[in-house]
J.: 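If you scroll down you'll find the structure; I have some questions about it.
Residue numbering restarts at 1 for every chain, and letters A, B, ... go by the order of the sequence lines. Remember, predicted model here, so these are calculated numbers, not experimental data.
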There are 2 protein chains.
Amino acid sequence: MNLSLTQIKTQFQELGIKSTIPRVVIYQSLAKAMHHPSAEEIHLSIQKKYPGVSLATVYKTLDMLVQKSLASKVVTDEDKVRYDSKMEPHIHLYCEKTQKIMDYDDQELAELIAGHFTKKGITNFKINRIQVNIKGESKTIKNK
Amino acid sequence: MNLSLTQIKTQFQELGIKSTIPRVVIYQSLAKAMHHPSAEEIHLSIQKKYPGVSLATVYKTLDMLVQKSLASKVVTDEDKVRYDSKMEPHIHLYCEKTQKIMDYDDQELAELIAGHFTKKGITNFKINRIQVNIKGESKTIKNK
DNA sequence: TTAAAATTGATAAATATTATCTATTTATTG
DNA sequence: CAATAAATAGATAATATTTATCAATTTTAA
Ligand SMILES: [Mn+2]
Ligand SMILES: [Mn+2]
Ligand SMILES: [Zn+2]
Ligand SMILES: [Zn+2]
């Protein structure tokens with residue numbers, strides 16, 4: 001999602017988030033990224049245009065965005081958290097060869113699962129969110 | 001799962017794993033644990049009976065068990081990997097209040113999802129494993 | 001413009017995990 | 001059972017990621 005600086009400032013204001021250059025730039029970079037970047041990767045991505053922004057600020061801003069529900073954490077087998085600005089429920093495909101994460105939307109499956117738990121809930125547990133993660137291998141088309 | 005030392009030794013032999021006291025004890029502790037322990041927790045749990053075993057050995061052994069498919073990693077929002085010796089596919093319930101992980105078996109749901117992807121596969125992706133994680137709150141019965 | 005409050009960046013500290021390396025242990029052979 | 005080669009363990013250093021600290025700067029509102 002390519003968001004303009006003014007779009008982001010407006011969004012921040014609505015949520016009571018104080019607008020600062022680091023915050024806006026970090027959120028813009030995350031929103032544009034399609035690859036579920038880590039804090040380090042976001043820090044690198046803004047280095048050229050905004051060399052002053054520190055890694056600590058990137059971490060603090062990402063935490064804040066998660067708190068405000070503008071982003072979510074994506075954990076993987078690597079010892080490193082990645083972030084996602086796509087907040088609509090969706091499935092993650094983890095490629096075990098490349099470690100890449102792809103988004104996958106499947107409304108039909110979402111409804112299938114939701115329906116299942118509507119009928120047959122879980123005893124003594126209040127469901128807030130159901131995440132489906134699929135591990136496997138992405139087939140690159142251009143081979144052979 | 002409560003496994004005896006001889007049971008474990010036999011299992012190791014079958015898989016070509018060299019039997020050592022640390023390895024057997026670490027695997028036994030993991031297999032007995034119901035709470036998806038971290039390396040640190042496993043290290044603590046064996047301290048009394050086997051004070052010599054180092055944390056490095058716990059990490060190395062857990063990696064080996066994952067490699068040999070006797071255990072799997074469980075990642076969470078905490079910056080710490082947890083381990084699971086239950087290798088049959090199952091669902092994890094994450095309590096957002098207590099950070100506890102519970103196992104939940106739902107054969108019906110597993111078949112529902114499997115059936116869905118049999119009919120309607122994912123383009124350019126080979127599915128190896130489907131994990132369903134449910135986040136929410138465990139309702140303790142004894143309140144009120 | 002001023003001032004209070006929040007945020008930043010520099011840096012130190014904390015955590016979790018991995019690497020290194022020698023001593024010990026294991027499994028195998030005679 | 002003793003000897004041996006190979007693998008593993010434990011001690012500890014190093015690495016990687018994330019969090020905490022705190023003075024200086026910036027933001028927002030008055
Ligand atoms: Mn996900
Ligand atoms: Mn870490
Ligand atoms: Zn995503
Ligand atoms: Zn489990």
J.: Quick one: the dot-bracket string of DNA chain C, using Watson-Crick and G-U wobble pairs with both distances under 3.5 Å, [ ] for crossing pairs and | for bases paired to another strand.
T.: ||||||||||||||||||||||||||||||

J.: Grab the NZ-P distance between A/Lys60 and C/dT11 for me, whole Å please.
T.: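 Going from A/Lys60 (NZ) to C/dT11 (P), I get 14 Å.
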
J.: Roughly how many Å is it from CE in B/Met64 to C1' in D/dA9, rounded to a whole number?
T.: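 Interatomic distance, CE of B/Met64 to C1' of D/dA9: 13 Å.
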
J.: Rounded to the Å, how far apart are B/Asp79 CG and C/dT15 P?
T.: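 In whole Å, C/dT15 P and B/Asp79 CG are 11 Å from each other.
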
J.: Donor-acceptor check, side chain of B/Arg23 to backbone of B/Lys18, threshold 3.5 angstrom: yes or no?
T.: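 Between the backbone of B/Lys18 and the side chain of B/Arg23 there is a qualifying donor-acceptor contact (under 3.5 Å).
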
J.: With a 4.5 Å limit on heavy-atom distance, are the side chains of B/Met102 and B/Ser138 in contact?
T.: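 Sidechains of B/Ser138 and B/Met102: in contact.
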
J.: Check each residue of residues 6-26 of chain B for a non-hydrogen atom within less than 4.0 Å of any atom in DNA chain C, then write out the ones that pass by number, or none.
T.: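 B/Lys18, B/Ser19, B/Thr20 - these, ordered by number, are the residues of the stretch whose heavy atoms sit under 4.0 Å from the strand.
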
J.: If you count every heavy atom of other residues, nucleotides or ligands that lies below 6.0 Å from B/Leu44 atom CG, does the total exceed 12?
T.: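 It does: B/Leu44 CG has more than 12 such atoms within range.
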
J.: Rounded to whole Å, how long is the line connecting atom NZ of B/Lys73 with atom P of C/dA16?
T.: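 Roughly 15 Å, once rounded to whole Å.
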
J.: I'd like to know if A/Arg129 and B/Glu96 make a salt bridge, using a cut-off of under 4.0 Å between side-chain N and carboxylate O.
T.: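 Looking at B/Glu96 together with A/Arg129, the answer is yes, because their closest N to O distance falls below 4.0 Å.
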
J.: Are any non-hydrogen side-chain atoms of A/Ile130 and A/His116 less than 4.5 angstrom apart?
T.: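 They are not in contact (no side-chain heavy atoms under 4.5 Å apart), so the answer is no.
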
J.: Would you mind checking if A/Lys97 and A/Glu137 are paired as a salt bridge, meaning a charged N to carboxylate O distance below 4.0 Å?
T.: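 A salt bridge is present here (some side-chain N lies under 4.0 Å from a carboxylate O).
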
J.: Closer to the 5' end of DNA chain D via nearest nucleotide, is it B/Thr61 or A/Val81?
T.: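 On the 5' side of the pair lies B/Thr61.
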
J.: Identify all side-chain donor-acceptor contacts of residues 6-15 of chain B below 3.5 Å with residues at least two apart in sequence or on another chain.
T.:
| residue | atom | partner | partner atom | Å |
| --- | --- | --- | --- | --- |
| B/Thr6 | OG1 | B/Ser4 | OG | 3.2 |
| B/Gln7 | OE1 | B/Ser4 | N | 2.8 |
| B/Gln7 | OE1 | B/Ser4 | OG | 3.4 |
| B/Thr10 | OG1 | B/Thr6 | O | 2.9 |

J.: I want to confirm an ordering. Mapping B/Asp63 and A/Thr57 to their closest nucleotides on DNA chain C, which one lands closer to the 5' end?
T.: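 Taking each residue's closest nucleotide, the earlier one in sequence belongs to A/Thr57.
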
J.: Quick one: closest heavy-atom pair of A/Val75 and A/Tyr94, and the distance?
T.: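 Heavy atoms only, the tightest pair is O-OH, 3.4 Å.
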
J.: Give the rounded distance in Å between these two atoms: CG of A/Asp77 and P of C/dA16.
T.: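 The distance from CG of A/Asp77 to P of C/dA16 comes to 18 Å, rounded to the nearest Å.
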
J.: Check the distance between C/dT7's P and A/Tyr50's OH and give it to me in whole angstrom.
T.: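 Atom-to-atom, A/Tyr50 to C/dT7, this comes out as 20 Å.
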
J.: Phosphate oxygens OP1/OP2 of C/dT18: is one of them under 4.0 Å from a side-chain N or O of B/Tyr59?
T.: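 For C/dT18, neither OP1 nor OP2 has a side-chain N or O of B/Tyr59 closer than 4.0 Å.
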
J.: Evaluate whether atom NZ of A/Lys120 has more than 12 neighbouring non-hydrogen atoms of other residues, nucleotides or ligands under 6.0 angstrom away.
T.: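 For A/Lys120, atom NZ is crowded (more than 12 foreign heavy atoms under 6.0 Å).
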
J.: How long is the line joining CD1 of B/Ile42 and C1' of C/dT17, in whole Å?
T.: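 Those two atoms, CD1 and C1', are 14 Å apart.
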
J.: From CG of A/Leu55 over to C1' of D/dA16, roughly how many Å is that when rounded to an integer?
T.: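 Atom CG in A/Leu55 sits about 11 Å away from atom C1' in D/dA16.
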
